[in-house]
Structures are given as structure tokens and as C-alpha cells.
J.: 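This structure is in C-alpha cells; I'll ask about it shortly.
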Amino acid sequence: MSASASTDPDADVPTASPAQASETPAEPLGATELKSAALSATEVDGFQIADFPAKPAGGGTARPAACQPLENMRTASPKPAPKQFLGLLAYATSGSSAGSGTTIGLMAYDQAGAKDVLDGLRTAVQACTAYEGGVPARTTVKAATAPDAGDEAVAFEMQTRGGSSDAFVVVRSGATVVLFYTASGTGSAAEVPGELVSAQIKKLEQA
């Protein structure tokens, strides 16, 4: 190796992204830990939050197959399946979101599985604009701006023929994936409340 090659300050050196550099593998949360990390009752101003005990039952087969991760997330049944799942329902009682309901699903994975879920969603949102299957009518898909939350996040809107659009935000924090799914109660396009996302991710990261 020449001296110039070893000392040149402008030489190209592979560097890790900030997330790669700062993030260390996280272990999946257990059921008790997931419960402690979940929002409860009136922790967020303007929302009533309750347990949503129904377990995901899985969705249909999306056609084309590139849209399957979106159908899976619509029914809170992503692949790979989480090791633990905890559901919440947040009802907005005041503010700009009043009348809307947001389902929150906290899903515990190992680190690799959590990343796979976000990677799959990101790819699907880019490749898929509409699909058949899983619901009675055709569903259209549109990418949305993801919030600056957790380690990474994906956002999109879905609309079934004849209905108003529903909003989805999926955030990964360590080995935990959190789904926020807001259905509008007013007939207009839905929007996931930012304060709800911030509060839940903050509590998760402090658990």
C-alpha cells in the first residue's frame, strides 16, 4: 500500500448510517413487558384508551402478491408473526381527531423479524397501488409521509371502494413493531393522530 493511499483524508471509506451505527440488537419483549409499554386509560389528553382483546384472525390473499404485506398489516397479522401481540383502542374525544378511532397493535419480535416487517411494508407500498382480496371490494393504496418516530417508520392510506380512506402508520422501535390504524368517524379521510404515535413510542422506549 502506498503512503498516499493510507493517509489521504479524502479517500472513500464505507460508513454506517446513523441508525446502523447507534442501534444495537434488542431482545423481544415478553407479555408483561409489552403490557407495561402500552398506553393506558387517559395517558394522552383527548383520548380514551382501552384494551382491545380481539386477536388478529388473519386476512385474505392479496392479488397481486406484491400487496400481501399491506393486507396482512390491515388485519394486524404481519408475516413473520409476532412472538407477542397486545391490542389497544384509542378513541379521540376532542381536538382535530375527535370522533375517530385508532387501533394500536404492539408486536414483539426479535430484531431481524421486526426489520423484515418494515422492509416488506416499504417494498409493498412502493410496488402496490391497488389489490383484490381480503375485503369485499377493490382496495387502493397510497403512500403517506411517515412520522419521525422510533428507529424507522412507514405510513400509507388504504381505501376500499365505496368507503373513506383509512390511515396506517407502522413504527419499529428496537425489536418491537407498533401499528397505528385510524378509521375516520366523519366520512372524510382519516389521519393517524401524531400525539398518539409520539406518546406510545415514547412510553415504549422508556419501558
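These numbers come from the heavy atoms of this one structure, side chains and all, not from hydrogens, waters or symmetry mates.
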J.: From D151 CG over to K115 NZ, what is the distance, rounded to the nearest 0.5 angstrom?
T.: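 Rounded to the nearest 0.5 Å, the CG-NZ separation comes to 8.0 Å.
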J.: Treat each ILVMFWY residue as a node, draw an edge where side-chain heavy atoms are under 4.5 Å apart, and state whether M158 and V178 are in one component.
T.: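 No, it is not one cluster - the side chains of M158 and V178 are not joined through contacts under 4.5 Å.
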J.: Do C67 and V141 come within less than 4.5 Å of each other through their side chains, counting heavy atoms only?
T.: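 C67 vs V141: side chains apart.
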J.: Within this structure, what is the NZ-OG distance for the pair K142 and S165, rounded to the nearest 0.5 Å?
T.: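 One finds 7.0 Å between NZ of K142 and OG of S165.
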J.: Determine, using the 4.5 Å side-chain heavy-atom cutoff (strictly less than), whether V192 and V170 are members of one ILVMFWY cluster.
T.: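 Looking at the clustering, V170 is in a separate group from V192.
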J.: If you count every heavy atom of other residues, nucleotides or ligands that lies below 6.0 Å from E195 atom CD, does the total exceed 12?
T.: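 Correct, the count exceeds 12.
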J.: Considering non-hydrogen atoms only, spot the tightest contact between A146 and A155 and give its length.
T.: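 Looking at all heavy atoms of both residues, the closest pair is CA-CB, 3.7 Å.
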J.: Tell me, do Q68 and T61 make a side-chain contact under 4.5 Å, heavy atoms counted?
T.: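 The answer is yes; the side chains approach within 4.5 Å.
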J.: Please report the C-alpha distance between T42 and Q48 in whole Å, then the side-chain angles of each, then the deciding distance to 0.1 Å, and finally whether the side-chain contact (heavy atoms from CB on, under 4.5 Å) criterion is met.
T.: CA-CA 5 Å; T42 56; Q48 288 288 342; 3.8 Å; yes
J.: So, do L86 and K35 sit near enough that their side-chain heavy atoms are less than 4.5 Å apart?
T.: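 Yes; the side chains approach each other to less than 4.5 Å.
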J.: Is L118 reachable from L204 through a run of hydrophobic residues whose side-chain heavy atoms are each under 4.5 Å from the next?
T.: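 Not linked; separate clusters.
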J.: Before you tell me yes or no, could you show the steps for K202 and E205 under salt bridge (charged side-chain N to carboxylate O under 4.0 Å, His left out), namely the whole-Å CA-CA distance, both residues' side-chain angles and the distance that decides it to 0.1 Å?
T.: CA-CA 5 Å; K202 181 179 180 181; E205 292 175 342; over 6 Å; no
J.: Out of curiosity, E191 CD to D166 CG, how far, rounded to the nearest 0.5 Å?
T.: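 Separation between the atoms: 13.0 Å.
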J.: Grouping I, L, V, M, F, W and Y whenever their side-chain heavy atoms are under 4.5 Å apart, do L29 and F180 come out in a common cluster?
T.: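 Both belong to a single hydrophobic cluster.
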J.: Is the closest side-chain heavy-atom distance between M107 and V117 below 4.5 Å?
T.: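 M107 does not reach V117 side chain to side chain.
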J.: Residues in side chain to side chain donor-acceptor pair (under 3.5 Å) with T102, at least two apart?
T.: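 Partners of T102 under the side chain to side chain donor-acceptor pair (under 3.5 Å) test: T182.
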J.: Are any of the side-chain heavy atoms of P147 and V169 separated by less than 4.5 Å?
T.: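 Yes - at least one pair of side-chain heavy atoms lies under 4.5 Å apart.
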J.: Might you point out which heavy atoms bring A130 and P64 nearest each other, and give the distance in Å?
T.: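 The pair with the smallest heavy-atom distance is O-CD, 3.8 Å.
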J.: Show your reasoning for whether side-chain hydrogen bond (donor to acceptor under 3.5 Å, both in side chains) applies to S40 and E43.
T.: CA-CA 6 Å; S40 61; E43 280 190 82; 3.0 Å; yes
J.: M73 and L179: which non-hydrogen atoms are nearest, and at how many Å?
T.: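 Where M73 meets L179 most closely, the heavy atoms are O-CD2, 3.7 Å.
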J.: Show the numbers, then the answer: is there a side-chain contact (heavy atoms from CB on, under 4.5 Å) between V154 and V125?
T.: CA-CA 9 Å; V154 176; V125 169; 4.1 Å; yes
J.: Do F47 and T93 make a side-chain contact, defined as non-hydrogen atoms from C-beta onward lying under 4.5 Å apart?
T.: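 The answer is no; the side chains never approach within 4.5 Å.
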J.: Taking all heavy atoms of G113 and all of D110, pick out the closest pair and write down the distance.
T.: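 What the structure gives for the nearest pair is N-OD1, 2.7 Å.
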J.: May I have the step-by-step check of side-chain contact (heavy atoms from CB on, under 4.5 Å) for L106 and Q200, ending in yes or no?
T.: CA-CA 10 Å; L106 289 88; Q200 178 56 82; 3.9 Å; yes
J.: Exactly one of I49, L196, L89, V197 should register a side-chain contact (heavy atoms from CB on, under 4.5 Å) with I104. Which one does?
T.: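 Going through the options one by one, the only one that passes is L196.
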J.: Mind checking ring-ring contact (aromatic ring centres under 6.0 Å, His included) for F168 and listing every partner two or more places apart, or none if nothing turns up?
T.: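 Counting only residues at least two positions away or on another chain, F168 forms a ring-ring contact (aromatic ring centres under 6.0 Å, His included) with F156, Y181.
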J.: Is it true that a side-chain atom of T176 and a backbone atom of R172 form a donor plus acceptor pair closer than 3.5 Å?
T.: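 No: the side chain of T176 does not pair with the backbone of R172.
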J.: For P78 and Y109, which heavy atoms make the closest approach, and how far apart are they?
T.: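 So the two residues come closest at CG-OH, 3.2 Å.
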J.: Just by modelled atom types, is the A98 backbone N or O under 3.5 Å from a matching donor or acceptor in the S100 side chain?
T.: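 Not a single qualifying donor-acceptor pair exists.
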J.: I'd like to check Y131 versus R138 (side-chain heavy atoms, cut-off strictly below 4.5 Å). Are they in contact?
T.: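 No. Closest side-chain heavy atoms not under 4.5 Å.
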J.: Is the closest side-chain heavy-atom distance between L88 and T103 below 4.5 Å?
T.: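 SC-SC contact between L88 and T103 ruled out.
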J.: Minimum heavy-atom separation for R63 and G133, please, with both atom names.
T.: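 Taking R63 first and G133 second, the nearest heavy atoms are NH2-N, 4.0 Å.
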